[in-house]
Structure formats: C-alpha cells, structure tokens
Amino acid sequence: MTLSQAEFAFVSQLVRREASIVLAPGKEYLVEARLIPVARAVGAPSVTEFLADLQRRPNPQNQRKIIDALTTNETSWFRDREPFAALTDVVLPELVKSRAATRKVRLWSAASSSGQEAYSLAITLQENLPPGWSYEIMGTDISTEMVKRAETAEYSQVEVNRGLPASQLVQYFERVGAHWRITQSLRRNVSFRLMNLTAPLPAMQPFDVIFLRNVLIYFDVATKRTVLQNVAKLLRPDGWLFLGAAETTIGIDDNYERVAAGRTSAYRVRTGAPAGAARRG
Amino acid sequence: MRAMVIDDSRAMRMILKRIVTKLNFEAVEAGDGREALDLLADMTEVPDLALIDWNMPNMNGLEFVTNVRADPRLREMTLVMVTTESEQSQIVRALAAGAHEYVIKPFTEGAMIEKLALLGLVPTGANS
C-alpha cells in the first residue's frame with residue numbers, strides 16, 4: 001500500500017522544514033519503503049498509524065527518525081571513481097606545491113552518510129601524499145544515526161564489496177567478527193560531526209578540497225544557493241569543490257567557475273568574487 | 001568480450017552468467033578448475049575474464065589461479081575470485097597467487113559490476 005496524499009504531504013512538509021529537502025510527488029513509494037523499518041522500530045503497526053500518531057502528538061525524536069530515514073543513502077567506496085582520480089592526478093600535485101610550507105591538507109566530505117566517501121578520501125591521501133605530509137578529513141551529515149555509524153567505521157561484507165578494491169580491503173580494514181573495520185591508522189585522520197548544510201555553518205578552519213556530491217540534487221534552487229554560499233566560506237581561495245555528476249553551480253551561484261579536473265569537472269571560486277566567498281584562511 | 005564462469009553450483013553459474021551476459025560478455029561455464037583448464041586448452045581465443053569460486057571439487061579456485069598465472073598463453077585473462085571465503089588471510093593468498101579482484105559472497109549485481117568497472121572491463125557507472 002502506498003502512502004495517501006495527505007500522509008505524503010505531512011512527511012514532505014516535515015523534511016522540507018527540518019532538512020530543506022524537497023520530496024517531489026511520485027516519491028510516495030520510496031518514502032513508504034524507508035519508513036516501514038522506522039514504524040516497526042517504534043512498535044507502530046503500520047506506517048499509516050505511525051504517521052497518524054505523530055500528527056496527533058508531535059514527537060521530536062520520531063520526527064528525527066523520519067529525517068534520518070529519508071536523508072541517508074546507500075553509498076559505495078570511491079563512488080564514481082573520476083573525482084578520486086582527479087584528486088590524485090590533478091588536485092594533490094597542485095596542493096603539494098602550494099602547501100609545501102605546512103605539508104598539511106584538509107578535506108571535507110559534506111553529507112558523508114555512513115562514511116565511505118570520507119574514508120575513500122583518506123585512502124587516496126594515504127597512498128598519494130608524499131612522506132612527511134599529514135591530512136585531516138572531516139565528514140558531516142544531517143543524520144545523527146549516520147554520524148554514529150561513520151564514527152564506528154564498521155562495514156558489512158556486502159558494503160565492503162561495493163567498489164572497494166580487494167587490495168585496499170586487506171590493507172586498510174581489519175576483520176571484527178562478521179564485519180570489517182577501518183584501521184586506526186586511517187581513522188585517526190578522519191572525524192565526523194552533525195551538520196545541516198542549509199543552516200549557518202559553524203566557524204571552522206577552511207578546507208583545501210570539499211566533496212559535496214549528490215547533495216544539491218535534493219534541494220530547490222534557493223536552498224542550493226544557500227548551501228553553495230555557506231560552503232564557499234569554508235573553501236580556501238585556491239581550493240577545489242567537487243559536486244555530483246548531475247550537479248552544477250552554473251545558473252545558481254556565479255561566484256564559482258567550473259574547471260576541468262582530469263576526466264571530470266570541479267569548481268573553484270572566481271578571482272574577485274564578492275567578500276565572503278572563499279576569503280577566509 | 002568473453003567471460004568464463006567457474007563454480008560448482010549451477011545456480012551460482014546462472015546468476016553470474018546473467019550478470020556478465022547483461023554486460024555484453026559471451027559466457028562459458030565450467031564446474032571446477034580442472035574443467036575450466038581443459039576448456040581453455042581447447043580454446044583458440046582466451047576469455048578476457050574468469051569469475052572463480054574457491055571451493056570446488058577436482059581443482060579449487062586458488063589452484064586454478066596458480067595454473068593460469070603459470071601459463072603465458074593465459075596472461076591477459078583477468079581473474080576475479082567470487083567466494084564465501086572471507087578471511088583476510090584468504091584474500092591476501094588469492095591476490096598473491098595472481099587474482100586481480102575478490103568478491104565475497106553474498107554480493108549484489110551492482111557490487112559485481114562495480115568490481116568489473118574497477119578492472120576496466122565495464123564502463124564506470126554501468127549499473128547506475
């Protein structure tokens with residue numbers, strides 16, 4: 001049974017309000033599929049009754065569970081490959097020159113979900129930075145559940161099959177019962193925190209590279225612009241922003257320019273962009 | 001492109017055959033490593049890819065990989081272990097013997113396609 005229009009409208013408004021995510025009509029089936037385990041976990045007999053109860057008696061904890069269920073996505077290691085190849089072949093060689101004084105780079109996996117992207121970045125840096133260099137990776141997500149999962153750094157057999165070369169599995173993971181855990185040598189460079197990209201972002205050291213992939217697709221144009229403006233404040237003036245293959249800043253935020261990076265594109269803040277756009281750090 | 005599916009389970013051979021056929025491979029099957037080597041000996045054109053179970057009668061997957069690696073005629077073949085053997089030490093052994101990749105059962109079709117994409121045998125994003 002698919003959700004009624006009224007139920008779908010209730011969920012849409014909730015995630016729009018709390019997470020700025022637009023659920024287009026036609027996603028009823030997806031929403032229901034994601035909410036079935038949530039309803040079951042709280043002991044509701046069905047999604048319909050779970051939603052009806054939530055409408056009668058608003059409960060922030062259960063609202064949070066809905067947002068978590070609808071904002072988390074299945075993800076794989078080195079997803080799409082090309083941005084990671086561009087990082088290795090184009091971005092890191094440039095950073096190795098420009099950051100020679102500090103020998104340190106900072107990367108941000110914005111919307112890090114269960115952590116695969118952040119740890120894929122860590123593996124890439126571990127293998128490609130010259131000896132004596134260090135790196136920090138921050139992963140952020142709007143879902144508390146996902147931040148916890150990413151910190152745990154444990155993945156099932158099925159998850160480690162997804163796009164991870166076997167040679168890296170044996171090098172950067174250790175078996176923990178039926179699961180695989182990222183080794184401490186990688187984990188110590190990666191941290192995670194809860195963050196809503198559409199709200200004003202906390203003050204942080206700026207980043208050399210930001211992966212903001214497959215995030216903007218969920219937002220309307222005004223929210224996309226807000227997110228891009230927020231992110232620009234945390235990108236070093238000569239930093240690099242990677243978006244998902246179906247995403248762009250073009251027509252949304254002209255402070256960015258698209259540049260070729262290997263076989264894909266990245267975005268950099270234009271020289272002379274207004275104050276506030278990538279000017280800190 | 002041609003693929004060889006080597007597994008003593010007929011059901012698993014069917015699953016793997018269906019995946020590689022969808023990716024435009026022409027598939028041949030073998031029920032164990034020995035049968036696979038016999039088939040290869042008669043082939044004029046060596047397959048591009050072999051998907052290899054570990055535990056099989058007559059000749060297991062690891063022995064098959066070792067035999068293939070010792071034969072210069074078969075050096076272009078890409079070897080992927082597809083097995084329930086999931087110990088770290090087993091993966092290391094298979095890679096050391098010459099397997100290019102390792103897929104742990106159970107796997108999804110998408111995961112298999114991603115592994116083949118890693119090896120350059122199908123385009124990246126072929127399963128999206």
Side-chain angles (χ1 to χ4, degrees), chain A residues 73-89 114 116-117 120 123-124 127 154-185 213-214 217 242-247 261-265, chain B residues 7 12 15-16 19-20 23 49-55 61-62 65 69 77-128:
Chain A
N73 289 290
E74 195 188 356
T75 181
S76 57
W77 305 90
F78 302 97
R79 188 173 174 192
D80 303 331
R81 309 304 299 182
E82 294 304 345
F84 293 92
L87 183 63
T88 303
D89 300 338
S114 38
Q116 283 91 332
E117 181 178 83
S120 298
I123 292 171
T124 306
E127 296 189 343
E154 277 188 28
Y155 299 93
S156 71
Q157 204 77 81
V158 171
E159 287 171 315
V160 297
N161 266 340
R162 299 284 318 267
L164 184 69
S167 54
Q168 291 176 334
L169 174 66
V170 291
Q171 191 173 353
Y172 298 110
F173 291 72
E174 56 205 359
R175 277 295 290 270
V176 184
H179 286 73
W180 294 82
R181 186 195 291 144
I182 303 274
T183 54
Q184 176 61 21
S185 62
R213 304 175 57 233
N214 307 304
I217 42 172
F242 285 88
L243 300 178
E247 298 167 326
R263 290 169 58 188
T264 187
S265 300
Chain B
D7 199 304
M12 185 50 67
I15 291 168
L16 291 170
I19 295 173
V20 294
L23 298 168
L49 166 71
L51 301 176
I52 313 148
D53 184 23
W54 188 306
N55 296 303
L62 193 66
V65 168
R69 282 290 157 259
M77 238 169 111
T78 299
L79 306 178
V80 179
M81 296 298 290
V82 184
T83 169
T84 51
E85 292 292 337
S86 61
E87 287 304 316
Q88 205 149 357
S89 56
Q90 300 289 67
I91 304 174
V92 172
R93 272 179 80 195
L95 296 180
H100 296 90
E101 259 306 333
Y102 201 101
V103 176
I104 301 165
K105 296 173 184 169
F107 58 88
T108 62
E109 183 176 321
M112 177 59 77
I113 296 172
E114 282 167 0
K115 285 282 187 177
L116 298 180
L118 283 181
L119 296 163
L121 291 167
V122 296
T124 303
N127 65 332
S128 55

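Naming: A, B, ... by sequence-line order, numbering from 1 per chain. Small disclaimer: the values here were computed from a predicted structure and weren't measured.
Among all heavy-atom pairs drawn from A:Ala166 and B:Lys115, the shortest one is N-NZ, 3.7 Å. Nearest heavy atom pair, residue A:Asn161 against residue B:Tyr102, reads OD1-O, 4.4 Å. Contact detail for B:Glu101 and A:Pro165: the closest heavy-atom pair is OE2-CA, 3.1 Å. Nearest approach of A:Arg175 to B:Gln88, heavy atoms of both residues: N-OE1, 3.4 Å.
Contact annotation for A:Trp180: only side-chain heavy atoms (C-beta onward) come within less than 4.5 Å of a heavy atom of chain B. There is no contact between A:Phe78 and chain B, counting heavy-atom distances below 4.5 Å.
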Pairs under 3.5 angstrom only: tabulate donor-acceptor contacts from the side chains of residues 89-99 of chain B to other protein residues two or more places apart or in another chain.
from    : atom 1 : to      : atom 2 : distance (Å)
B:Gln90 : OE1    : B:Arg93 : NH1    : 3.3
B:Gln90 : NE2    : B:Glu85 : OE1    : 3.1

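Distance CG/A:Leu164 to CG/B:Leu118: 8.0 Å, rounded to 0.5 Å.
In this structure the side chain of B:Thr108 reaches within 4.5 angstrom of the side chain of A:Arg162, judged on heavy atoms.
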